[in-house]
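So the structure is just underneath, and the comments pick up after that.
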Amino acid sequence: MSNPTVVQVNDLSKRFVIRKEKSLKERVVNFGRSNLHKEDFWALRDVNIAIESGTTVGLIGPNGSGKSTLLKMIGGILQPTTGTVQVRGRMAALLELGAGFHPDLTGRENVYLNASILGLSTAQIDRYFDAIVDFSGIEPFIDTQVKFYSSGMYVRLAFSVAVHVDPDLLLVDEVLAVGDEPFQRKCMDRIRQFQTEGRTIVLVTHGLDQVAELCDRAIVLEHGVVKADGAPRDALRVLRTDFDQIRADELQRERADTSAQGAEARPSARIVSAQVLQDGQPVDTISVGTPITIRVTLEAADPLESWILGFGFDSAGGQTIYGTNSKLLKVALPTVVGTASFDFDVPQARLGEGAYTVHGAIADASGAEIHRLREAARVHVTTPGTEIGFVHLGATLAATPV
Ligand SMILES: Nc1ncnc2c1ncn2[C@@H]1O[C@H](COP(=O)(O)OP(=O)(O)OP(=O)(O)O)[C@@H](O)[C@H]1O
């Protein structure tokens, strides 16, 4: 039997009216009238979602795709243009920074105000008050007006109230990210505790690894439309593929701009391409543990002597997670001139699930870099889903105590 539905969103659309400055020409033509014209903007279009009790759902997508708008509509602080949102049970929300807090009231007064709006009696708040302040870690400032709080202090108090009012449904927007690391970890622990207690959580995040780790389900929004909805691994794959395409388009534009700036800045030798090959054919998706070849092609205007060739894998965040080169591998490369390709053979690609880019680089004998081509290739690694992180170690667990 499936769990009861806690959030039911039907055919939900949200239109904002945005006002734009008119161009100088329009102002002259429309002289005397307003300098602004109005345009309709649909932040959400025909969204249908049912969230079952006890699930943790991640809302993910590019900037401006409508995630926060959807969360605010579930939270009831934005009204639908068309469609409906129904929520069952007590809801606590951590939406915009400072939302629900009155700037002229102190932290203490805001705790009472906020918790009473969320449906707690004064006696109940009295009971929870010390725990709320304790969890927030801002006790010395509890009698200060919140307009003097830093953004981290706001979030600490707001999150603390939200998790102490015994909610059935917790909505959390990216604001948690302004808390410092120890507080974020504390919040994550509390969210995990909520999960084990069978509460329902909906969170907006750009931390895609967090989604894979924490959520039972992920919903990808793009341009206000649900692009994918399902198991986090599948949804993340859809989003990462789209992010890759966005980045590839940007890169192509950047490269076109650079080549338009003239050839004089070109290094004497440069990486032209890097390819990921399997059985001699370029691939963009591989299964973890299978053999791959990274073919790096370079172009040297002058003879390149005593040089080093390298390649590496970078995460979507741009962090190099693996790299090697001819010097580390103790391979002396021949002098080359013109175009040449070299193959790095990787017997078992043990990268974790996700999308990676490949860079190629040339350095002189001292290790000084001559040229690096970032994001020369991209590859998606699929795994059985038994591990998270950048490497796949194939860990196992014995079910009997040692
Ligand atoms: N009050 C508003 N008036 C006009 N436009 C708005 C308003 N609120 C949001 N928008 C627009 O709606 C779109 C969706 O915004 P939203 O904040 O939901 O995106 P998001 O997916 O949460 O983005 P981000 O990842 O950047 O936080 C954006 O283009 C934004 O400019």
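In each ligand, atom 1 is the first atom listed, and ligand 1 is the first ligand listed.
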Fill in: Option set Ala43, Pro62, Ser68, criterion heavy-atom distance to atom 17 (O) of ligand 1, minimum
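Answer by nearest heavy atom: Ser68.
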Discussion item. Please compare Phe41, Trp42, Phe16 and report which has the shortest non-hydrogen distance to atom 2 (C) of ligand 1.
Written reply: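 Considering heavy atoms of Phe41, Trp42, Phe16, the nearest to atom 2 (C) of ligand 1 sits in Phe16.
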Worksheet item: Is there a donor-acceptor pair closer than 3.5 Å between any side-chain N or O of Asn48 and the backbone N or O of Asp11?
Response: yes
Discussion item. Main chain of Gln79, side chain of Lys14: is a donor-acceptor contact present, judged purely on distance under 3.5 Å?
Written reply: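 Here the side-chain-to-backbone pair exists.
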Worksheet, complete the sentence: Within 4.0 Å of some non-hydrogen atom of Ile18, the atoms of ligand 1 are 4 (C), 5 (N)
Item to complete: List every atom of ligand 1 that sits less than 4.0 Å from any heavy atom of Thr69, numbering the atoms from 1 in the order shown and giving each element.
Response: 14 (C), 15 (O), 16 (P), 18 (O)
Worksheet, complete the sentence: Here the gap from Glu375 atom CD to Tyr356 atom OH, rounded to the nearest 0.5 Å, amounts to 15.0 Å
Worksheet item: Does some non-hydrogen atom of His206 fall short of 4.0 Å from ligand 1?
Response: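 Per 4.0 Å heavy-atom rule, His206 contacts ligand 1.
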Discussion item. With a 4.0 Å cut-off on heavy atoms, is Ser65 in contact with ligand 1?
Written reply: yes
Discussion item. Consider side chain to side chain donor-acceptor pair (under 3.5 Å). Of Asp168, Thr56, Asp166, which one does Arg199 pass it with?
Written reply: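 Single pass found, and it is Asp166.
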Discussion item. So, regarding Val17 and ligand 1 (criterion: nitrogen or oxygen to nitrogen or oxygen, under 3.5 Å), is there a contact or not?
Written reply: no
Item to complete: Please confirm whether Gly64 comes within less than 3.5 Å of ligand 1 when only nitrogen or oxygen atoms on both sides are compared.
Response: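 N/O-N/O distance below 3.5 Å exists for this pair.
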Item to complete: Look at atom 6 (C) of ligand 1 and say whether a protein heavy atom is found at less than 4.0 angstrom from it.
Response: yes
Practice prompt. Establish whether atom 31 (O) of ligand 1 and some protein heavy atom are separated by less than 4.0 angstrom.
Written response: no
Worksheet entry | Heavy atoms of other groups near Glu250 CD, more than 12 under 6.0 Å | yes
